Every structure is written in C-alpha cells, then in structure tokens.
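Everything quoted here is computed from the prediction, not taken from an experiment. Chain A is the first sequence line, chain B the second, and so forth, proteins listed ahead of strands; every chain is numbered from 1. These numbers come from the heavy atoms of this one structure, side chains and all, not from hydrogens, waters or symmetry mates.
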Amino acid sequence: MKPRLDVEICGVSFKNPVIAASGTFGFGREYAEYVDLNMLGGIAVKGLTLLPKKGNPPPRIAETPSGILNSVGLQNPGIDYFIEHELPELLKYDTRIIVNINGNTIDEYCRMAEKLRDVPVHFLELNISCPNVKQGGVAFGTHPDVVYDITRSVKAHAKQPVLVKLTPNVTDIKEIAIAVEKAGGDGISLINTVLGMAIDAKKRRPVLANIVGGLSGPAIKPIALRMVWEVAQVVSIPIIGMGGITTGEDVVEFLLAGATAVGVGTANLISPTACIDIVNQLEEYMVQNGIGDVNELIGGLRV
Amino acid sequence: MKPRLDVEICGVSFKNPVIAASGTFGFGREYAEYVDLNMLGGIAVKGLTLLPKKGNPPPRIAETPSGILNSVGLQNPGIDYFIEHELPELLKYDTRIIVNINGNTIDEYCRMAEKLRDVPVHFLELNISCPNVKQGGVAFGTHPDVVYDITRSVKAHAKQPVLVKLTPNVTDIKEIAIAVEKAGGDGISLINTVLGMAIDAKKRRPVLANIVGGLSGPAIKPIALRMVWEVAQVVSIPIIGMGGITTGEDVVEFLLAGATAVGVGTANLISPTACIDIVNQLEEYMVQNGIGDVNELIGGLRV
Amino acid sequence: MITSHMYKMAFLSEGIALNANPGQFVHIKVPGDNSLLLRRPISICDVHPQTGMVEIVYQVVGKGTRILSGMNAGQVIDVLGPLGKGFTISREIKSAFVVGGGCGIAPLKLLMRRLKEMGVVVTALLGFRSREAVYGLEEFEMLSDRVLVTTDDGSLGRKGLVTQVLEEELQQLLPDIMFACGPTPMLKVVQRLAKEYSVPCQMSLEERMGCGIGGCLVCSCAVRTPDGGFEYKRVCKDGPVFWSQEVMLDEATIGC
Amino acid sequence: MITSHMYKMAFLSEGIALNANPGQFVHIKVPGDNSLLLRRPISICDVHPQTGMVEIVYQVVGKGTRILSGMNAGQVIDVLGPLGKGFTISREIKSAFVVGGGCGIAPLKLLMRRLKEMGVVVTALLGFRSREAVYGLEEFEMLSDRVLVTTDDGSLGRKGLVTQVLEEELQQLLPDIMFACGPTPMLKVVQRLAKEYSVPCQMSLEERMGCGIGGCLVCSCAVRTPDGGFEYKRVCKDGPVFWSQEVMLDEATIGC
Ligand SMILES: Cc1cc2nc3c(=O)[nH]c(=O)nc-3n(C[C@H](O)[C@H](O)[C@H](O)COP(=O)(O)OP(=O)(O)OC[C@H]3O[C@@H](n4cnc5c(N)ncnc54)[C@H](O)[C@@H]3O)c2cc1C
Ligand SMILES: Cc1cc2nc3c(=O)[nH]c(=O)nc-3n(C[C@H](O)[C@H](O)[C@H](O)COP(=O)(O)OP(=O)(O)OC[C@H]3O[C@@H](n4cnc5c(N)ncnc54)[C@H](O)[C@@H]3O)c2cc1C
Ligand SMILES: Cc1cc2nc3c(=O)[nH]c(=O)nc-3n(C[C@H](O)[C@H](O)[C@H](O)COP(=O)(O)O)c2cc1C
Ligand SMILES: Cc1cc2nc3c(=O)[nH]c(=O)nc-3n(C[C@H](O)[C@H](O)[C@H](O)COP(=O)(O)O)c2cc1C
Ligand code: FES
Ligand code: FES
C-alpha cells in the first residue's frame, strides 16, 4: 500500500510535506528543467521586497564544513514584477505557493500583503530573519514585541494565512514563537540561516564580500531540530521545519520533533532533483517502517 | 628561521597560542600517553564544580554532520579533589593551566575562586555557558547584567586573571562581551557549544538521553569565527577563540578574526595528538607565508 | 563479508597485535568522509603476533561501518589501540562459560584462545538471530571444549535465546567464571543469572564514544558505589569489561 | 597530471558531449567527502561526440580539486551539464583573437575547434606563469593559425604578459572579434584594449557558485544597465561568457 504523504497546514492541503525553501529554488523556473514541479508539496519563492533589490556584491557564497554561507542580500525583481511575470509561470503547476516577503519597515510588509490579497497564492511567509540586509531584516526577528507587532499588523492586511519565518540567532526562540502565536500568526517557519563568517587564511580576507553571511546546510541541522522541538512544546500553530535537510530521514526527524512540513534549502544547490529525491526517500522510509500516514510521525518523538 | 609562536595574555606568556579546551582533555593525564604536554600553549581542565558531580545519563554523545553533540553535564570530582589529586600531576608539565569553574550560584563561583587563590594555576575560566546543567549554567551567560555581576563578584575573590567563557546561544554576543569587560574581566573565551539536538529516525527517539546537547566541531566554526570577529570589534581585552578548530589554518583564521589564542576541543576526541599537530601546522603555515611572529596575525584580517 | 551484515577486516599493526588483551578494542577513523568526525570502537577479534595482523569483525549498521566495508586491500587505515580494560583471567580459573550474542561474539575469539592456552575448560554459548547470521563456528569449536548454539528462529542449533540454554547449563554445573558480550537485554539476563547462581561474571559493554582514551567522559556506564548509590565510569578506559555485579544496565545503555 | 598543478580528466557523458558549446561548463560533485557540499564548476575543455567523451583540465587549488585529482579510471562521477551560456560565434566572423591566461586556457580548446570548423582565421595568444605551466600547445597549434606564447619568466615564448603581446597585435591588425578567458587582472586589460581598439570581445568569468543552474543568485557579476547603473547577473546562467563592454570587473570578482 502506498503510504499517505499529504499534510494540512491552516486548512490548505499539501500533497507531501516537502517544500522548496525560499531563496534556494528561484521562482521554480530553473528547476522545472530538472524535476516535475507538480510533485512538490510546495514552493517558497525567492524573498521579495516592495521595490527591486540589487543584493550584495560577490563573492556571495562560501563553503564551510558540511555547510555553506550565503550573503545574497535579497536580490529580487520586486513584488510587482513577481506578480506580473513570474507568478503566472508558477501557477501552471499544481503545488502550493508560499510568497516570502521582506520589508525594511512594518508598513512595507503590510503593503506587500495588500498587493497579494487578490493574487492566487496560498501563503505569505514573513521573513523577519534575513541576516543579509542592513535595515530591518534580522533585527525584526529578535524582539518578541516587534515580532508581535509585525505579525499582528500584517495579519490585518493579509488575505492568505501568514507564516512567520524566524531567525535562530536569538537567546530564546520559544518566546519569539509564542509572540507569533499570540499575534494571530498562522504558522511558523524555522530556521532561517545562522549568522556566520568564513576567512581565507591564505589571502587573510573574509571569503564573502559582505564579511558575514548566513550558515545553512547539514551543519545546522542539530540547531534547527532543537529549535523546532523547543517551539513545538510551546505553540500549537503548525511549524514548517528546516535547516540542513538533505534526505528523507532528515524529514522524518523534523516531523518527529514537531514540524508539520519541512523546507529544503541548501540541498537544492547540491542537486536540482533534491526535493523529489527526498520525497521518494521519505516514502521509502515509511514503507520500510510500516507507517501508513505521514501524519503519524508529526510530533511523534518518544522521549 | 623558526617563527615566534609565543603570545601573551594578561601578562602571562604562552609558548604557543594553542590551548586544549575544557572538557575535551580531561586533566591532561590521559593525553600524556600520546603527546608531550610541555608542547602545549595551555590546558583548560575539565569543568569543575564545588562538589563532585555525577553528570547526565548516557548516551552523552551524538555525531552530526561535521559536528558532535555532547551532554556530559559537567561530570567531575569536585574542586577539592582536583586541587589535591589531579593538579599535582599537571604541575609537572611546563604549560599554562586554566581552571574551568562552574557554579549554580554566584556564590559558588566565588567560593571556588577563593579555594584557588593559593593554588599555582594561571587562569580561572568562568564557564557561564554550559548548556548541560539545569540550574545556572547557560542562563548565567545570556543576560548582560548577570554576566556583569558574576564577573565582578568573582574578580573580587580571585587572585588569578579571570577569563569568562561565553555561550553562543544569545541574540547579541557583543553586549555580553562588553559586560565582561566593564566588570573587569581579564579575557573572554568563546565559544562554548551551540545548543542542538539529534534524533534517531529509526528508533524515533532523541540520540542523547538528555534530549538536547552542545554542538561542537567544524560545523560551528563559521559561527565561532563570526562571534570572535564581532567581539574583537567591541572589546580590548584578549579573546581565546574556539569552535571547530582542527588544523593550523583554522588557528590562523581565529587569530586574524581577533583572537590572541585559541582553544581546541572536539579535535582532541578525534585524535589524541590533535593539539600538537595543530601547533606544527601553524608553524608550517607561518614559514610558508613568511610570517616571523604569530602576533602579526592577531586581528590582521583585511576587510 | 562473512554474513549478510557482518564483515571481517584484517590490518597490520604490530603494536596492537603484540599488546592486545581479549576484550580490548580499537578506535577506527572512518576514511574519506570528513563529515563523520568520530572514530568507531570495534573489539579486537583476534591477533597474530607473529605477522602483526589484527582481525576485527563488525556489523554494518550505519554510515561509518558502511564505508569501512567498502575499503579495499592495501588501503591505509587510522586506528588507535589497543584500548580499554579487557577481560581479567586469573590463574585460579579452571572452567568458564563464555556467552555471546550476535555481533557481541567478536571479542570472544581472542578470549577463548587465551583461555585455551591457560588450560581452562570452556563452554561457549552463542546466540544468533538465525542460521544466516552465524559465523566463525569452526574456529569457536577449535578454541573451546563445547559449543552450544541457539538461534531465535531455530534454523541452527536450539531454538530460543542463548540465556535459556545458559540457565539450563548453570543448573547442571557451575563454572568458576562467566564471560559475556552481547546486546543489553542478553547481558541483563546473564547478570541476573550470575547473581542467582553466584558465579562471578565479567561482561563487555558498549556505549557511544568520543576520544576512546578516557578524556572526554561521554562513554559512561553506571557503576554501583559502596554507599548504595552509583557513579558513572568510562566504558572506554575503566571498561569496556566490568564485573557484572557492579554495573547497572538500565534503559539508557544502548545495545549493539 | 599534465603540469605540476594541472590535471586532465576525461569522462563519458553522451548528453554533454553532444550538446556542449564552447565556454559552457560542468558542475562536479566532489566524491566521497560529504563535508564538502558544493559542486565545483569546471569548463568543458573538449568533447568527442562520437565516443561521448568529455575532457576537462583543472588546477588543484583546494580540497575539492585535490580529491578529483586522486580519482581512478572507472570511478563514477556526478556531473551536471553542459551549463551556462558559452561563446557566441556568428556566421559573419572571419578572424578572431583568442586570449587565454593560465588555467583560463581550458575552455578555449573547444572554442578554437569550432572556429576552425567555421573557417575563422584564429590567432591564439596564450600566457603562462612559466615553461612548467604550459600545456596543450601542440593541440592549440593544430587548431589555430598562429599561436603566440608568453611566460611571466620568459622560460618559453615571449617574456611578459599576454596582454602586452595582444596590444602589439592589435596595433598591427584588428580581428572581427576577441574571445578571452583567464584571471581577472588579465581580463581587465583585455577589456580596456577591446574598448580602445573597438573590437567586440567576449570574456568568460569565474565566480563562486551554488546551484550552477540559475536558482540561488550567489554567482553574481555586475553588468551595466542602460540607465548608467548596474545590476547583478548570474555567472552560471546568464554567463559565464559576457560581452566585455557590459561587465564590470571590480576587486570583488575572484580570479582563477
Ligand atoms: C567497546 C566497543 C566494542 C565494539 N565492538 C564491536 C564489534 O566488534 N563489532 C561490531 O560490529 N560492533 C562493535 N561495536 C559497535 C560499533 O562501535 C558500532 O556498531 C559502530 O560504531 C557503528 O558505527 P556506524 O558509523 O556504522 O553507525 P552510525 O549509527 O552511523 O554511528 C553514529 C555514531 O554512533 C556510534 N554508535 C552507533 N552504534 C554504536 C554502538 N552500538 N556502540 C557504540 N557506538 C555506537 C558510532 O560510533 C558513531 O559515533 C562496539 C562498540 C563498543 C563501544
Ligand atoms: C564557470 C567556471 C569555469 C571554471 N573552469 C575551470 C577550469 O576549466 N579549470 C580550472 O582549473 N578551474 C576552473 N574554474 C575554477 C574552479 O571552479 C575552482 O578552481 C574550483 O572550484 C576550486 O575548488 P577546490 O575545492 O579545489 O577549491 P576550494 O578553495 O577548497 O573551494 C572552496 C569553494 O570555493 C569555490 N571556488 C574556489 N575557487 C574558485 C574559483 N576560482 N571560481 C569559482 N569557485 C571557486 C569552490 O567551488 C568551492 O565551492 C572555473 C570556475 C568557474 C566559475
Ligand atoms: C542561497 C540562499 C538564499 C536564501 N534566501 C532566502 C530568502 O530570500 N528568504 C528566506 O526567508 N530565506 C532564505 N534563505 C534561507 C533558507 O530558506 C533556509 O531557511 C535556510 O537555508 C535553512 O535551510 P537549509 O539548511 O535547508 O538551507 C536562503 C538560503 C540560501 C542558502
Ligand atoms: C565532550 C565535551 C565536553 C566539554 N566540557 C566543557 C566543560 O566542562 N567546560 C567548558 O567550559 N566547556 C566544555 N566544552 C566546550 C569546549 O571547551 C569548547 O568550548 C567547545 O567544544 C567548542 O570548541 P570545539 O568545537 O573545538 O570543540 C566541552 C566540549 C565537549 C565536546
Ligand atoms: S570516549 Fe572519551 S572518555 Fe570514553
Ligand atoms: S550558482 Fe546559483 S544562480 Fe548561479
């Protein structure tokens, strides 16, 4: 018997719990050459801003042990361009679309939410955690009060359910997550990248032009799992867990820790078929372990 | 010409900047079978408490991508036993001795500092960052005010220079470091381990009996480098940088970022000769790059 | 490959071959994949001091052992050892039961060789999952006076658990000592039987390890203290072999 | 190994051999060591569509290329490609200068083969560090009408920089087009000369890459926009070959 892979988040059903994470999958188009996008649970598009954004100077990527650092700095064509030119392409596929939005002010987030009201996307994802922009960005995600305000404000403007994407660079992720829930946020995505730095010992320079960047990939999986676990103990809204997932077993670990779905980021940079490979491995794990429904795994850690 | 490897911290000279990090080198004795302890810059002994401590149940270690998680929980024979039975052995070697102390209350730290007043060790290292103890431990290291208080109180009781070892599990490492400096701390050790978790997908259980543990090893090197760099921008007391160092080039990276010396932890678990291998590689790097004095590297990052 | 999941590997190390005691282990760096940091502890199965050859037998359970099983003759391997405290064999011993389960049988070969050299009468009680998992029987037969095999499914020897046979044997005759190595559930029963029948018993434990040399305190096992409490000892340095009456085998201890 | 630091590797991939354009690259997963996540971009040096053989030439600079250089015949390798936008060769072109420096020479072989097939008169200007770093000269001589070699130390050909010779040649005769690949300092001079002498010029750039297929936006290079500003384009998808007048080569761009 084929196991059931579908999960539900805020009343929206996903064919499987695997979502391409924001910033690592473009607007899907480049990946369509390699995989059938219809097979993905969902796609979180590249982080958008109100106006187009150039991003940071290169080099923007460094390799670290079992991880990578990036400092893209939210390069994107702006939300209007996205709605007009990129989204129509994406809408040809039968998958859930999550629009990752980024602002310098609370007002910018709200204006983007307004622009998306009548657009057929499934979720907004408030990125209040990007470490690569100077203004706003990570600062938003580190104070529970600010997180509460931004979530509440955007909720007042948004038509779609709102996921809030949290930064791991905080002392207590639980209080931030609680603020999201109290403010009416519909779900939590975590984790974004961990602030890090790489140095070229030979050139005696930082590898990244931006000096610091965001660490992602398997190296951060233990941190991500811990945060998903911590947050799952204190909120009841769904969690999209991410950070270092490269295999189906990794997905199982995040679901056990309490995530309802997962994001796959860095793995897409290693192999364009990563998301689909992971879905297949998840199904294989379920068959081998006699699990008929993926929902049985969610929060199923035995402690 | 043999390059100069010696560095000075608070007036104490180290023959080289490589220090075995606390908890990964026992009290040195086990390693003496494999390496000449006289060749180490220094040894930070296993974390001590006022009374003996059992530690956490096993399993206490998990392997993660390019990292490990541990949840030893400060198992140690207590400070009195250390002074009486372990220290005399260590004193046979010509290396700097750093005593890592851990308390449940500020008073406990002070009492340990008192006990060490007339004992010939070179530094106290206040571990206010161990994630594996319930009371105190990491909580101490996350609030600048508490960090200030504990540093100031211990300074009033200590005879030796006091290093404060910081946890990376905070929103802003800079404000914590500034608190140490303001309170009269003599130096900063960073980073301790990053809170993480590993799950066994087959058994559907956490790998560690303690559920969560401290992540160390190459996986966290980018985080450690970033924090050393950030802290070096805001304080002028010396920094002992650590987190994921396994090679001589890694040491160079930490020195460039602003550390005066480094700690080597997890690498000792991989190879008992790690510290010495690293000293040799550092020397080789200096020869190859025409650097006559290791002090030239400290803070020498070109940005 | 000696069974579908068990592999045998031999490597040259004079130091280990000359100095190994039964029950000691080697700590092996997994070659190639730098994302796997930790060494893997594997018991010394047998040594040939003349040639410097060391034999290990291991089960493929995860990434590390999978990579080891793909190594080719001639490759170099980074091994620390011999490590730990092995079995203690006193001169007074005349008869012994050697109890092994599954991959816990590996360290018993060298033990039985030494017992034989010392003229001890040895009964080997070996438990396997099924016929396919059985290995090394001829050697064990050569090295002991009697070999009793059980399999969970009865496909070879007696059907059932090795500890059932052990209990029957203890009812017949009490040896001077017992030595045991195997999964925790087996060790628990052996521990109980040793107590009930008052036979001294040494057992080899497993725990996840870091350094393997006693420095990091991660490989703990609970050992009773005179005051009725317990303390954590290091499996790598104080063990892996402990006296059965001192160790506390609780849920937290992982099996092989 | 073809020089002390340069290695040649050939592998079978019909897809790549049949579809590759000069200037395109392959994205190679480093085998074995899972701590190295990223693929390595390497230019396609030559292809043999009949056999499906693809040739690459690379310098050992770090961990990834070191591991590649230790691979043995018969091993399987995980390669994505052909990727990127290669050199554009229009039918109108009659003469071309091909300028290469150091390991930037690799992608020029297939380019010259195609130019030759189209009957273009090609002058190859190749710069090396020294005689020991020179490779593939015979092939370049077969594939072009004239080969001018420079070495930094004068140990082969002219002493000096390849761009000095380029300037002299431009003073003699202007080709319809120039193609260049090499370290950034070289490209900067080529860019300036192309402008001064008004010769259209395509150059192949390098940047650290993630996905290699245009999805992650890490491999940026600054390209002039009509409004006098610039935008970041993707070296992996919009390049690696760009027109010299559009790219801005600043310090941040890393060389080979
Ligand atoms: C003293 C001692 C002797 C041993 N002798 C043998 C032997 O002779 N033959 C044999 O097949 N196995 C033996 N084991 C178990 C063997 O160490 C593990 O099966 C092996 O480490 C698994 O590695 P892996 O990479 O394949 O598994 P993974 O699960 O990928 O390993 C992940 C981590 O967990 C550790 N680990 C996993 N299982 C165990 C375990 N059972 N015990 C300790 N650490 C574990 C690994 O060492 C590694 O650090 C022994 C263990 C100990 C402690
Ligand atoms: C389009 C393109 C074509 C290339 N063609 C060739 C070629 O034909 N022959 C050749 O020798 N080299 C070529 N390079 C450079 C080659 O990619 C690097 O030398 C190689 O990635 C270094 O890997 P490493 O693991 O040995 O080095 P490390 O320094 O250990 O690599 C660390 C990381 O930095 C990246 N990196 C390091 N140097 C470079 C670089 N110069 N360009 C891009 N990424 C880099 C690596 O890919 C890796 O992600 C090309 C680069 C690009 C972008
Ligand atoms: C190159 C790159 C670009 C990213 N851009 C964004 C972004 O625009 N918005 C966002 O919310 N997260 C962004 N992220 C973070 C990822 O979505 C994800 O949260 C993080 O990388 C952890 O998952 P991973 O380890 O699977 O990559 C980016 C990550 C990478 C590697
Ligand atoms: C097994 C283990 C035990 C540790 N015990 C202590 C300790 O007792 N006191 C302390 O301050 N740090 C302790 N640490 C932290 C290390 O000293 C070091 O700060 C950390 O591991 C980062 O360095 P590394 O990546 O080189 O291991 C321990 C780390 C490990 C791995
Ligand atoms: S493994 Fe380090 S003390 Fe046993
Ligand atoms: S490497 Fe991902 S866009 Fe170029």
Side-chain angles (χ1 to χ4, degrees), chain B residues 20-34 45-47 52-77 198 200 202-203 205 207-210 213 216-219 244 246 265-274, chain C residues 15 19 27-31 33-41 61-65 78-84 184 205-223 225 227 229-239 247-255:
Chain B
S22 177
T24 63
F25 211 73
F27 298 112
R29 201 194 307 172
E30 288 79 13
Y31 285 85
E33 285 182 38
Y34 296 87
V45 300
K46 173 67 203 166
K53 210 162 147 43
K54 273 197 171 51
N56 290 323
R60 290 178 175 181
I61 190 166
E63 190 180 55
T64 69
S66 294
I68 64 169
L69 286 166
N70 89 81
S71 58
V72 171
L74 286 177
Q75 175 176 346
N76 80 90
D200 184 325
K202 298 215 175 59
K203 298 190 185 145
R205 283 181 191 278
V207 177
L208 299 176
N210 194 46
S216 62
T246 63
T266 303
N268 298 312
L269 276 57
I270 305 170
S271 165
T273 59
Chain C
N19 299 315
H27 214 25
I28 304 181
K29 182 95 189 78
V30 179
D33 187 344
N34 284 313
S35 74
L36 304 178
L37 296 182
L38 294 175
R39 288 172 182 266
R40 269 53 180 172
V61 299
K63 287 186 188 169
T65 47
D78 175 355
V79 172
L80 278 180
L83 300 177
T184 308
L205 305 187
E206 290 190 6
E207 190 45 78
R208 290 187 182 238
M209 287 186 180
C211 67
I213 63 168
C216 72
L217 305 187
V218 304
C219 60
S220 27
C221 100
V223 167
T225 46
D227 63 3
F230 73 92
E231 64 178 334
Y232 286 118
K233 292 261 190 187
R234 300 162 300 179
V235 170
C236 73
K237 185 89 180 175
D238 306 314
V247 295
M248 296 163 71
L249 299 167
D250 59 5
E251 291 305 311
T253 310
I254 52 171

State the SG-CD distance between Cys216(C) and Gln75(B), to the nearest 0.5 angstrom.
-> 10.5 Å
Chain B contact via Leu80(C) - which portion, at a heavy-atom distance below 4.5 Å | side chain
Measure distances from Thr246(B) to the heavy atoms of chain C and classify the residue's part below 4.5 Å as side chain, backbone, both or neither.
-> neither
Side chains of Lys233(C) and Val247(C) in contact at under 4.5 Å (non-hydrogen atoms) | no
Any chance you could measure Leu37(C), atom CG, to Thr64(B), atom OG1, to the nearest 0.5 Å?
-> 7.5 Å
Are any side-chain N or O atoms of Arg60(B) and backbone N or O atoms of Leu217(C), one a donor and one an acceptor, separated by less than 3.5 Å?
-> yes
Pick from Arg29(B), Lys46(B), Glu30(B): which one has the most heavy-atom pairs with chain C under 4.5 Å?
-> Glu30(B)
Residue selection (most heavy-atom pairs with chain B, distance under 4.5 Å) from Gly212(C), Gly214(C), Cys211(C) | Cys211(C)
Would a 4.5 Å heavy-atom cut-off, applied to side chains only, mark Val207(B) and Arg208(C) as touching?
-> yes
Which of the residues Asn76(B), Asn268(B), Ile68(B), Thr266(B) is involved in the greatest number of heavy-atom pairs with chain C at under 4.5 angstrom?
-> Ile68(B)
Heavy atoms only, distances under 4.5 angstrom: which of Gly67(B), Gly217(B), Pro65(B), Ala62(B) has the most pairs with chain C? Name it, please.
-> Gly67(B)
Below 4.5 Å from any heavy atom of chain B, which atoms of Lys63(C) appear? Answer side chain, backbone, both or neither.
-> neither
Set of side-chain hydrogen bond (donor to acceptor under 3.5 Å, both in side chains) partners for Ser271(B), sequence neighbours left out = Thr273(B)
Side chain, backbone, both or neither: which part of Phe27(B) has an atom under 4.5 Å from a heavy atom of chain C?
-> neither
